[in-house]
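Working notes for the structure below.
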There are 2 protein chains.
Amino acid sequence: EERYESLSPSEFFYRNREIAGFSNPTRALYQTVRELVENSLDATELHKIPPDIKIIISIKEPPDLVSILVEDNGIGIPHEEVPFVFGRVFYGSKYVLRQSRGVFGLGIKMAVLYAQITTGKPIWIRTSTMNSKIIAEYRIKMDISRNMPIVISANFRKKRSKWHGTIVKLITKGNWTLARRRIEDYIRRTAMITPYADIYFKGPDVELIFKRNTRKMPTPPKVGKPHPYGIDLEMLRRLIEIHNRNITLRDFIMKCFEGVGEGIAHNFLEWARLNGDKKLKDLSTSEIENLLNKMKSYRGWRRPRALSLSPLGEDLLRKGIERILSPEYVVTVTRKTSSYSGNPFIVEVGLAWGGKIPMVRSPILYRFANKIPLLYDEGVDVARQVVDKIDWSLYRVKFPAPLAVIVHLCSTKVPFKGVGKEAIADVVEVEKEIENAIKEAARSLRKYLTLIERKRALIAK
Amino acid sequence: EERYESLSPSEFFYRNREIAGFSNPTRALYQTVRELVENSLDATELHKIPPDIKIIISIKEPPDLVSILVEDNGIGIPHEEVPFVFGRVFYGSKYVLRQSRGVFGLGIKMAVLYAQITTGKPIWIRTSTMNSKIIAEYRIKMDISRNMPIVISANFRKKRSKWHGTIVKLITKGNWTLARRRIEDYIRRTAMITPYADIYFKGPDVELIFKRNTRKMPTPPKVGKPHPYGIDLEMLRRLIEIHNRNITLRDFIMKCFEGVGEGIAHNFLEWARLNGDKKLKDLSTSEIENLLNKMKSYRGWRRPRALSLSPLGEDLLRKGIERILSPEYVVTVTRKTSSYSGNPFIVEVGLAWGGKIPMVRSPILYRFANKIPLLYDEGVDVARQVVDKIDWSLYRVKFPAPLAVIVHLCSTKVPFKGVGKEAIADVVEVEKEIENAIKEAARSLRKYLTLIERKRALIAK
Ligand SMILES: Nc1ncnc2c1ncn2[C@@H]1O[C@H](COP(=O)(O)OP(=O)(O)OP(=O)(O)O)[C@@H](O)[C@H]1O
Ligand SMILES: Nc1ncnc2c1ncn2[C@@H]1O[C@H](COP(=O)(O)OP(=O)(O)OP(=O)(O)O)[C@@H](O)[C@H]1O
Ligand SMILES: [Mg+2]
Ligand SMILES: [Mg+2]
């Protein structure tokens, strides 16, 4: 009667591709640009390479056959990794505790899949890593039912230059006419949040050139360890399993968890009434469960630190806002590290006033998460909810007013509402930090507005 | 430098469980109830069994160890299928073109996973299919890194009665105090949309009993075929591959696609200038691409039919609304079958006025998709956007007013915004149909409101 089946991950996302942002040719074109650009920015910035990103969109065949090419000067992809990177869903290098744009190991595969099912064409890649002596060139499709790559062609040639980086080209069904505004908006906002990047975009009758206005870059994040508040039984069980079973409990918690030094380890073990000298291999299942409960309820752990994060900083954020919005006044605030459920995060906010910013009835909101511009689903984003609850009159802002709010959330785990990365869920700690950051910036804005009101009053006399 | 890894589907959803609705103990408890109840209602209703659903929640150990049990009189699960059904992500019987609550093959696995990582405990199942001579009892956990079940225990005994159905019990971390309102709300709305179901809910200091107020049930949906507007190259390639390669092109399109009879097949082949007698095995890749493009651009296909759908119908929808909202007046509208991208859908709307409905400043919205109550993310749901754009004054509704709007979308593919099934995306055809349905119902409401105004005017004299 009922027929029971198993689906591979690629099969699942083929059937439910709208959940990843590939619902129709307009949205798919936008999402494809995003996936490629975000990969290129990670490949450069995470390795402190000043990004040079080239994006070229052309109409291959009217009305809706579109070619997209993205080139970067990043670290490249090891040639033996290329087939899985482009042809296997849930494959990537971002599965570690470190702030990056990529997190799911899915993005580029969705673009490959959509191009393949609408045009039958493979993705084309040229790439070379920094130390490699060869340049690899591949054409790849996906075996969707098995979640495996199909290598259509693979060519390798000697590298005669110092070139490193990746060029990716796709031919896909896409609606440039309907998608262009969002794509241009996305690229503009990308330039806002990465003022140290050179971005060149060429589309059908449009050319956008953003030259870096600074060579200063944020410090790349380092891979971190889990924090006691972020663990569960599965994680704890695995950490114990992969470690030298002769290790003591004390050494284990110091080695495996974020911010646990000798002093804290000692205090915790005493409070929890656990024997720190007990060997890991001697822990029973119920003792492991007890350890978990004690670790989650102990209040003396250090707050998670910012080593695995990479905020812009107030100076770079200001530069990016000035470059794109040309305001009369900008204030930026980068908050201290906070955390939710053991995941460290930092909120950065900018308020931009006047200049080229239009008069609006409520603040224009620019949302970013891990330096990704978020353009859709503003209605359910926590940032919009905070902006709407602020009483702006307390800061001498009377609408209509030329006010833009820029909110940037950095985290090892951004609480995205979906795999399409469009909106941030209303996690209480994040909401509070966004509110505090906006109010902190708004107090500076108030000083400025008070100042120019006084000047006007003086001039008026 | 970068470390490349592959994740299994269960591993992916373990790390990103908030995307499936398992973000914290409060939300996870709500989602667990949903996943179990929705499975039980599919297991009964899809097979024309009047549903008897029992839901029992108890606090196992304060403050947050909760036991959840759900029992149904459905078709049960074949005992050899139980391990994969409960222990493998992307496994199920809902991967066919037929309206059902379940679609992803993921729901129960998320509940099993969350319980396991918070308490270490397996899920317990007792089940028996209608024709089976045995009752199977299992305790199951998940091997999360491999996406395989771990059978902790399996017992089988002779069935001495005619019992059939499934009982599922989980022990999980959950916040009953914070989740209870939403859970009760969910159960109440489930009773609204399934007036033919007996639902019994027992929780810590609460008991809800909903007895069916009708034995009439909607006709179960049948598994359908894809419509030409819903296909892509991958689908077409596979359909060709699995079919007898000696079949002619004409027989192929008549056999494999929705609503293609001899006449339509003939007209299409003539319009497309294709040879209907050509054997499938003789089609080249470019001929297959050409066939796809022709099928997608041909305007003479029949509209998708309602065979694979199962709307409530105006009568049952009215009964459900009356049972739960106790209004003074109800009007219900079930629209004709429509479609988007080849996916058939039906919109049903109810307007409820007065009686126990409170005075509100904008209509209370009850959203349903495939008979699932949607409680979160109203802000980005297409139904909310339509309700807010309606000029209610044209229908003699002046706020504050005691008005509730019930919107039910039935489809073989509900355009959910995420795997958590909380909101419906703004697909143009769906938006238009919801608007038309509400306006149609609003015209009846207007007649009623006009009538009672006249009565009042008469009485006033
Ligand atoms: N331009 C590039 N340069 C270097 N490495 C790349 C590039 N594009 C992709 N990769 C590698 O391929 C992997 C898979 O990319 P993909 O976009 O599918 O997933 P992701 O970026 O890890 O996560 P997400 O799904 O969130 O985007 C990346 O993790 C990265 O290691
Ligand atoms: N109470 C039940 N009675 C009968 N079959 C059930 C029951 N619960 C689950 N199943 C079977 O197990 C399968 C998997 O259930 P699961 O909830 O994981 O996925 P689904 O319901 O198919 O889709 P979704 O992820 O959208 O809920 C179902 O497709 C169904 O065949
Ligand atoms: Mg990516
Ligand atoms: Mg289900």
Side-chain angles (χ1 to χ4, degrees), chain A residues 1-9 11-12 14-16 18-19 23-24 46-47 75 77-78 81 84-85 88 90-96 103-106 113 116-120 129 144-145 232-235 237-238 285 288-289 341 377 379-380 413 415-420 423 425 427, chain B residues 1-9 11-12 14-16 18-19 23-24 43 46-47 75 77-78 81 84-85 88 90-96 103-106 113 116-120 129 144-145 232-235 237-238 285 288-289 341 377 379-380 415-420 423 425 427:
Chain A
E1 258 277 26
E2 294 282 298
R3 209 177 93 237
Y4 299 83
E5 299 176 65
S6 196
L7 295 190
S8 72
E11 184 66 31
F12 177 83
Y14 162 53
R15 296 179 185 218
N16 299 291
E18 66 286 343
I19 279 180
S23 32
N24 53 61
L46 285 175
H47 306 275
I75 53 156
I77 302 159
E81 292 289 352
F84 269 34
V85 150
R88 182 168 170 83
F90 296 156
Y91 194 83
S93 64
K94 314 279 172 58
Y95 291 136
V96 292
V103 280
F104 297 129
L106 172 68
L113 190 147
Q116 179 174 322
I117 67 175
T118 54
T119 71
T129 55
I144 297 173
S145 49
D232 54 75
L233 270 175
E234 178 74 13
M235 210 187 279
R237 191 186 58 77
R238 284 180 193 179
T285 309
I288 292 173
E289 286 181 27
S341 307
D377 288 353
V380 282
K413 185 161 176 63
F416 286 117
K417 288 182 78 75
V419 293
V427 171
Chain B
E1 259 277 23
E2 294 282 295
R3 208 178 93 236
Y4 298 84
E5 300 175 65
S6 195
L7 295 190
S8 72
E11 184 68 30
F12 178 83
Y14 162 53
R15 296 180 185 217
N16 299 289
E18 66 287 344
I19 281 182
S23 33
N24 53 61
L46 285 175
H47 306 276
I75 54 156
I77 302 159
E81 291 290 352
F84 270 35
V85 149
R88 181 170 171 82
F90 296 155
Y91 193 82
S93 63
K94 313 280 171 58
Y95 291 135
V96 291
V103 280
F104 298 130
L106 172 69
L113 189 148
Q116 179 173 323
I117 69 174
T118 55
T119 71
T129 55
I144 297 175
S145 48
D232 55 73
L233 268 176
E234 177 73 13
M235 210 186 279
R237 192 186 57 76
R238 286 181 192 180
T285 308
I288 292 172
E289 286 182 29
S341 307
D377 289 352
V380 283
F416 286 118
K417 289 182 76 76
V419 292
V427 171

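To find a chain, count down the sequence lines: A is the first, B the second, and so on, and within it residues start at 1.
One finds the CD atom of A:Glu2 at 6.5 Å from the CG atom of B:Leu46 (value rounded to the nearest 0.5 Å).
Taking chain B as the reference chain and counting heavy-atom pairs below 4.5 Å, the highest number among A:Glu1, A:Lys94, A:Arg237, A:Lys413 is found for A:Lys413. Across A:Ile144, A:Ile288, A:Thr118, the residue that shares the most heavy-atom pairs under 4.5 angstrom with chain B is A:Ile144. Counting heavy-atom pairs closer than 4.5 Å to chain B, the top residue among A:Gly92, A:Gly120, A:Gly379, A:Pro9 is A:Gly92. By number of non-hydrogen pairs under 4.5 angstrom with chain A, the leading residue of B:Ile75, B:Leu113, B:Thr119 is B:Thr119. Looking only at heavy-atom pairs under 4.5 Å with chain A, the residue among B:Phe416, B:Phe84, B:Phe104 that has the most is B:Phe104.
B:Val419 touches chain A through backbone and side chain together, each having a heavy atom under 4.5 Å away. Only the side chain of A:Val96 comes within contact range of chain B, with heavy atoms under 4.5 Å apart. Contacts of A:Val103 with chain B are absent, with no heavy-atom separation under 4.5 Å from either backbone or side chain. Within the 4.5 angstrom heavy-atom criterion, atoms from both the backbone and the side chain of B:Glu5 approach chain A. With a 4.5 angstrom heavy-atom cutoff, A:Gln116 touches chain B via backbone and side-chain atoms both. Residue A:Arg15 touches chain B through both its backbone and its side chain, counting heavy-atom pairs closer than 4.5 Å. Within the 4.5 angstrom heavy-atom criterion, only side-chain atoms of A:Phe12, from C-beta onward, approach chain B. With a 4.5 angstrom heavy-atom cutoff, A:Glu18 touches chain B only via side-chain atoms. Both the backbone and the side chain of A:Ser6 come within less than 4.5 Å of a heavy atom in chain B. Only the side chain of B:Arg88 comes within contact range of chain A, with heavy atoms under 4.5 Å apart.
Every residue meeting the side-chain contact (heavy atoms from CB on, under 4.5 Å) condition with A:Glu289, not counting sequence neighbours, appears here in chain and number order: A:Leu233, A:Thr285. Scanning for ring-ring contact (aromatic ring centres under 6.0 Å, His included) contacts around B:Tyr14 gives an empty result, with sequence neighbours left out.
Using modelled atom types and a 3.5 Å distance limit, the side chains of B:Tyr91 and B:Glu81 yield a donor-acceptor pair.
Across every non-hydrogen atom of B:Ala423 and B:Asp377, the tightest pair is CB-O, 3.7 Å. Pairing each heavy atom of B:Tyr95 with each of B:Gly105, the nearest pair is OH-CA, 3.4 Å.
Checked by atom type and distance alone, the side chain of A:Ser8 pairs as donor or acceptor with a backbone atom of A:Ser145 at under 3.5 Å. Side chain of B:Asp232 to backbone of B:Met235: a donor-acceptor contact under 3.5 angstrom is found.
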